[in-house]
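Working notes, structure below.
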Amino acid sequence: MSRTQIPGPEILGPQALDAARRCGVDVEALAGDGAHRSPVNGASLGGVRWNDVAEIDAVVTRSHEAFLEWRRTPAPARGAVVKRLGELLTEHKADLGTLVSLEVGKITSEALGEVQEMIDICDFAVGLSRQLYGRTSVSERPGHRLMETWHPLGVVGVISAFNFPAAVWSWNTAIALVCGDTVIWKPSEQAPLTAWASAALLDRALREAGVPPAISQVVVGGPEIGEALVDHPRVALMSATGSTRMGRAVGPRVANRFGRSLLELGGNNAAIVTPSADLDLTLRGIVFSAAGTAGQRCTTMRRVIAHRSVADQLTERLAEAYGRLPIGDPTADGTLVGPLIGEPAYTAMSAAIETATSDGGTLVAGGSRVLAEAASDAYYVEPAIVSMKGQTDIVRSETFAPLLYVLPYDDFDEAIALNNDVPQGLSSSVFTRDQAEAELFVSDEGSDCGIVNVNIGTSGAEIGGAFGGEKETGGGRESGSDAWRAYMRRATNTINYSGELPLAQGVDFTV
Ligand code: NAD
């Protein structure tokens, strides 16, 4: 595998702070004691100020007050603010991309792709701001009409994960804002500069429109800050993206106060490779989904379920392609695999490989740490492939690193059963040229995931579709399609213009 050089510690901090300043962040005002390191070389990106749990109530109160005003703003006017946010994101695409790369280690094209996704969701939300449709329906009573109207919920709390340090906020925020909600964002503690920079651009759009800046707020800190939002009765919707462990803590707490939650949690995504698959296309699809983003997407492909007739050839070709992956500085031209987020991810990957091999698997590619001499506090690994005889507990769990298991199957029903035999239900693919197999995979008897693809990998979704998954992935849907309904409440209105008062179901209550 080729390597690209790792930049020295003196370079990254100033580069990150300059990019944040260009987006409008008052870096000096936000300096503090919170440690903050780049996964690229382990260097400090400067200390940041973490919020205190005691501040959260005031933050929520400000957000609620801003909501009372924002909900009176017509939705298309709210959309105009989001349109301006999209323009500012376009203007600062390179700055935000730099921050994403330096704070979480994404290669430049994926970091820019993340910002593009933010721009795309703004476009989508602007269109949506004129399409918040309700239905009308016929009434069983004469002179009556039934209709549904949609109303903003109030304060939306957004907790986001490190691996999409800005896009997840934008999926939630662009939609929540046009729906008339206000947003409080608790970003990943790994990426405060990316968060402040994104929020600074929205602040500018809000200021230009003359609306209360408290419509959007950021609170930085660890899980305890998230918990304070989770427990606050004024947070109407808690949208939380991260591990299933986090969702298991958040979901019941929000439910306990009858709040709404939208959970986007871990995945364990598989591709089925059938005998008729175009292996060249399949190979490209797998390598991007499995090794891209250094295996740190919720939709990363973690399992390949290959027909026994193609499994050996596919594994060999995958190992050969993995051998050519350039690993190193994510901001350098040509790098395809950047660093892991930190040491725990490396430890978890090594432990999973060990468990899988002791379960009878064979390590056929990668798995070693590289570039340790160039950056001892950074964790670069060769993406790994382990050939398994069957699906064991370790294969069923999400290891958030570039570790791909290859499993054989004999008949297609067995392949679908293997696809579904994991606790998570986010993304899935089938590579086939057999139409019956493709149709079966997307049918009621097929994949049980929220994302079900044909001849394309498991990762890299477009914003136009509803994004999310089933089972331990949490059941939430964000982004496109009708995901906006999660950010609004529905009222059913019965309008009586008859001058009489007939009761439904023919009930007679004459006094
Ligand atoms: P994480 O669960 O460690 O942290 C995510 C966020 O939750 C952080 O902001 C963290 O501070 C906060 N948090 C943690 N515990 C909390 C608690 N008890 N109460 C409130 N907030 C809490 O996840 P991570 O390591 O940042 O991200 C990786 C995980 O996120 C993976 O499992 C990945 O699959 C998942 N993920 C899912 C999606 C999706 O859309 N389904 C998208 C991105 C990432």
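All ligand and atom numbering here is 1-based and tracks the order in the structure.
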Atoms in ligand 1 flagged as close to Val250, the criterion being non-hydrogen separation under 4.0 Å: 19 (N), 20 (C)
Ligand 1 atoms in contact with Gly266 (distance to a heavy atom under 4.0 Å): 32 (O), 34 (O)
Close approach, Arg245 and ligand 1, non-hydrogen under 4.0 angstrom: yes
Atom 4 (O) of ligand 1 touched by protein (heavy atom, under 4.0 Å): no
Region of Thr241 engaging ligand 1 - heavy atom pairs below 4.0 Å: both
Numbering as shown, the atoms of ligand 1 that approach Ser188 to under 4.0 Å (heavy-atom distance): 9 (O)
Atom 21 (N) of ligand 1 [closest protein heavy-atom partner, distance rounded to 0.1 Å]: Ile159 CD1, 3.6 Å
Ligand 1 to Phe162 polar contact by distance, N or O atoms, under 3.5 Å: yes
CZ (Arg260) with more than 12 external heavy atoms under 6.0 Å: yes
Protein contact of atom 28 (C) of ligand 1 - nearest heavy atom, named by residue and atom, plus distance: Phe400 CE2, 3.7 Å
Sidechain N-carboxylate O distance under 4.0 Å for Arg369, Glu382: no
Heavy-atom proximity to atom 35 (C) of ligand 1, best of Ser427, Gly450, Gly242: Gly242
Least distance between heavy atoms, Arg489 atom then Pro152 atom: NE-O, 3.8 Å
Whether Pro187 lies under 4.0 Å from ligand 1, heavy atom: yes
Residue, atom name and distance, where the atom is the protein heavy atom closest to atom 10 (C) of ligand 1: Glu189 OE1, 3.5 Å
Asp377 bridged to Arg37 by N-O distance under 4.0 Å: no
Under-4.0 Å heavy-atom contact with ligand 1, by part of Ile225 that carries it: neither
Nearest non-hydrogen protein atom, atom 14 (C) of ligand 1: Met246 CG, 3.5 Å
Check: Ser429 main-chain N/O paired with Thr458 side-chain donor or acceptor under 3.5 Å: no
Closest non-hydrogen atom pair between Ile6 and Ala375, with its separation: CG2-CB, 3.9 Å
Closest contact, heavy atoms only, Lys471 versus Val422: NZ-O, 2.8 Å
Part of Ser160 with heavy atoms under 4.0 Å of ligand 1, whether side chain, backbone, both or neither: backbone
Pair Arg21 + Glu28: basic N to acidic O under 4.0 Å: yes
Atom 34 (O) of ligand 1 - nearest protein heavy atom and its distance: Glu398 OE2, 2.6 Å
Contact (N/O only, under 3.5 Å) between Arg297 and ligand 1: no
Heavy-atom nearest neighbour in the protein, as seen from atom 43 (C) of ligand 1, with distance rounded to 0.1 Å: Asn163 OD1, 3.2 Å
Audit row: Glu264, Thr473, side chain to side chain donor-acceptor pair (under 3.5 Å) steps and yes/no: CA-CA 6 Å; Glu264 297 282 358; Thr473 303; over 6 Å; no
Distance filter under 4.0 Å to Ala249 heavy atoms, resulting ligand 1 atoms: 18 (N)
Nearest non-hydrogen protein atom, atom 18 (N) of ligand 1: Glu227 OE2, 3.4 Å
Residues Asn269, Ser427; criterion side chain to side chain donor-acceptor pair (under 3.5 Å); working and verdict: CA-CA 5 Å; Asn269 318 295; Ser427 186; 4.9 Å; no
Given Trp196, Trp185, Phe164, the one that forms ring pair (Phe, Tyr, Trp, His ring centres under 6.0 Å) with Trp169: Trp185
Steps toward salt bridge (Lys or Arg N to Asp or Glu O under 4.0 Å) verdict (Arg253, Asp231): CA-CA 7 Å; Arg253 285 172 83 142; Asp231 290 337; 2.5 Å; yes
Proximity to ligand 1 by part of Ser243, non-hydrogen separation under 4.0 Å: both
Arg49/Glu55 salt bridge by N-O under 4.0 Å criterion: yes
Pair Glu472 + Arg396, salt bridge at N-O below 4.0 Å: no
Identity and distance of the protein heavy atom lying nearest atom 36 (N) of ligand 1: Cys298 CB, 3.6 Å
Test of proximity, Lys186 against ligand 1: N or O pairs below 3.5 Å: yes
Which of the ligand 1 atoms, numbered from 1, are nearer than 4.0 Å to a heavy atom of Gly226: 20 (C), 21 (N)
